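Quick notes on the structure that follows.
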Amino acid sequence: MGERSNDQSKKWPTVGPSYGIGRKANLVFQDWLPTDWIPRAEEPDFHIDYSIEVVRDGEPTGLIFRAQIKGRASSKRRPNHIVEQFETKHLRYYLSCPHPVYLFVIDPKTRTGFWLFIQRYLHGRGISEEQLLKQTTLKVGFDSRWSLDATKLFDQDLMSSWAYMRNQFPGTPTAAISAKQRELEQIDDRFTIKIDASENKMVFKLHSKAPIHEPTLKFLPNVSSEKLRAFFEKGESFSVKASELTGEVPILKNTLSGKDESEVIVTNADRFSGCVQAWWEGDLPENLIQVSGNWLIAPQRIYFEGMLPESPLKVSVSAETEQPGKIGAPNLTFGFDFAAWEGQPLLSLSHFDDLIRLTRSSKLSLRYLIRGGQLFRGHQDPFNLSSQPQIGSILGWLTTCRKVAAFVRCNPVYPERHHLSAFETNDMRFLGQMIEEGKHEQPYADEDFEMVGDIPIQVEPGQTEVDKVQMPGQFREVDFLGMKTLFGPLTYTWTDLLLISVEPGDNGPPKLKWRGTASSKFCIELTRESAPFANQVVTGLGGA
């Protein structure tokens, strides 16, 4: 490459007037600062010249703002038109800074200048980082009131700038939530908004300040019209991803979960505490069931959802608002979630007897209350298990299991959902049959078995057929929901048998071999008179 000519060196000197103006402007800035404030020069000074810590009463406060100084000659500006050109890569950097950034434009010759809190300036004009990526420079206007002479105004602005930045870069979840609420209310000022947030989910509770005639949400412009109509008219909630929200406050992302795909549930129905009371016709009032929950009131629908405490029973009620002030007949639905009993002792399942009565009733009297006031009354509704036959089956089987627990005198806990198969083992079916029916019987044709011990019957010489063989006083080891226990006493009886052979025992009683005939039966019966001894536990097998 060729060298520049002397004329070019004079035109573009390495150390030119702009360097001198900038250096002198920095000196003016340092002189302007209170003498006890602590300026720390940035090195290297990419986009920022100083970080300044404020001192009060001789003590550093930890309150910091950052400053970028531009030296400009007043002769290059038009009167009352203070505009400077800045590179957008600098402005994007300022938007990412957690501390307030102030731009200073200073004329070192007249020692005059102006300041500007740049983050608030950009946010107030809706200028985002994405927009700044589309151009290389941006003209920034300075208010003539924000001069270096207005030191009190600067102090006031500086104090407000820290509060502003705390909202932009909240350091706690509570601050993040508050900031997002304020931001959304600014975007759509028709609502007051409350946000409840957990690690992976937010709930936006909207309350309209006046009747909404336009079913839109300005901070969620892409929600379908069908969802919005159901949302505004019937109070139906819907969910979106956090990344779909309009706005700049990074709630949840980098604050609570580090994600921007968290679920956001949006709801607008007013909520009021209430309950549904149910009792059986002619029954005493103290025997009623009360399910507490919340009523959701929307312009065209009211809805209740509640659950009987610590029990599987769930109740939902909906009613359409036919016209203002007139509510249609309620539609009540029962549901069951048996996982609600997990961990409860089997003999102490919450509201078990109430649920048995409920599922066996033909008619119920119902009363609907909201905040203690009656909404509906006198509506009688039969409980129909035909649509949910499995509910009756489960409750019936649990009734049997509770009888077994009472009989064997133990009280295991209701298993977890993925362990519910413990209710359906062969041992549990056997125990249930013994408790409910007292015996188990099955055909025994062509089955062989052998007895060793005292001969239970007298067999005459040459006799080959007997009417009955019985072995009383036996206990059987069973597994009752993970507990190994001896169950009995049980009597084992075989009828109509053939005696195949009698063989000498090994220094003991003889061995008898039997075979069942076509009419043979095998029966196990429970001797209930001995029930107090039925809770004997096999040593070392986990019983208690």
Side-chain angles (χ1 to χ4, degrees), residues 17-74 76-77 82-87 89-125 127 138 140-172 175 179:
S18 61
Y19 169 77
I21 291 174
R23 184 169 176 273
K24 289 177 182 179
N26 274 269
L27 294 174
V28 172
F29 172 75
Q30 293 180 45
D31 288 342
W32 173 80
L33 284 175
T35 55
D36 56 350
W37 288 13
I38 306 169
R40 297 181 177 95
E42 295 285 341
E43 184 60 41
D45 59 345
F46 295 129
H47 315 323
I48 295 290
D49 291 319
Y50 297 95
S51 289
I52 297 99
E53 182 173 2
V54 174
V55 174
R56 302 291 189 205
D57 300 324
E59 295 296 333
T61 62
L63 298 174
I64 293 171
F65 71 96
R66 309 183 79 188
Q68 175 70 10
I69 318 301
K70 268 204 169 187
R72 286 291 186 270
S74 299
K76 294 186 177 181
R77 300 195 197 100
I82 310 163
V83 176
E84 292 291 337
Q85 195 98 348
F86 286 87
E87 292 185 40
K89 66 178 180 181
H90 293 190
L91 300 177
R92 293 200 309 272
Y93 174 76
Y94 301 149
L95 285 176
S96 69
C97 290
H99 295 294
V101 176
Y102 277 82
L103 304 182
F104 289 84
V105 177
I106 296 175
D107 181 349
K109 185 175 181 180
T110 62
R111 299 183 68 85
T112 58
F114 302 91
W115 45 265
L116 173 65
F117 175 26
I118 187 60
Q119 290 109 315
R120 184 168 56 200
Y121 176 90
L122 295 173
H123 289 150
R125 286 155 179 76
I127 301 172
L138 180 73
V140 175
F142 288 71
D143 192 315
S144 59
R145 294 172 298 170
W146 302 334
S147 70
L148 296 184
D149 293 333
T151 54
K152 288 185 178 180
L153 183 59
F154 177 80
D155 288 344
Q156 293 170 3
D157 194 73
L158 184 59
M159 291 299 295
S160 67
S161 72
W162 288 311
Y164 183 88
M165 294 309 297
R166 279 195 298 271
N167 289 333
Q168 296 300 312
F169 292 86
T172 65

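These numbers were taken from a predicted model, which means no experiment stands behind them.
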Looking at Ile21 and Pro108, what are the two nearest heavy atoms and their distance? O-CG, 3.7 Å

Applying salt bridge (charged side-chain N to carboxylate O under 4.0 Å, His left out) as the test, list every pair that has at least one member in residues 26-39; sequence neighbours left out. Asp31-Arg111

Using modelled atom types and a 3.5 Å cut-off, is there a donor and acceptor pairing between side-chain atoms of Gln68 and backbone atoms of Ile48? yes

Contact summary for Phe142 and Val105, nearest pair of heavy atoms: CZ-CG2, 3.4 Å

Is the Trp32 to Phe154 ring centre distance short of 6.0 Å? yes

Ring centroids only, cut at 6.0 angstrom: are Tyr164 and Phe117 within range, meaning strictly under it? yes

Hey, can you tell me if Tyr102 and Phe65 have their rings parallel, tilted or perpendicular (30° and 60° cut-offs)? perpendicular

Where is the tightest heavy-atom contact between Trp146 and Leu153, given as atom of each residue plus distance? CD1-CD2, 3.7 Å

If we only count heavy atoms from C-beta on, is the Arg120 to Asp157 side-chain gap below 4.5 Å? yes

Can you list every pair that meets salt bridge (charged side-chain N to carboxylate O under 4.0 Å, His left out) and has a residue in residues 141-154, with sequence neighbours left out? Asp143-Arg145

Assess the residue pair Cys97 and Arg66 against the criterion (side chain to side chain contact (heavy atoms under 4.5 Å, CB included)); give the C-alpha distance rounded to whole Å, side-chain angles, the decisive distance to 0.1 Å, and a yes or no. CA-CA 9 Å; Cys97 290; Arg66 309 183 79 188; 3.7 Å; yes

Residues passing the salt bridge (Lys or Arg N to Asp or Glu O under 4.0 Å) test with Arg92, sequence neighbours excluded, are none

In short, Ala67 meets Phe29 closest at the heavy-atom pair CB-CZ, 3.8 Å

Check for a donor-acceptor pair, side chain of Trp115 on one end and backbone N or O of Leu103 on the other, with a separation under 3.5 Å. no

Anything under 30° is parallel, anything over 60° is perpendicular, the rest tilted; go ahead and classify His47 against Tyr94. perpendicular

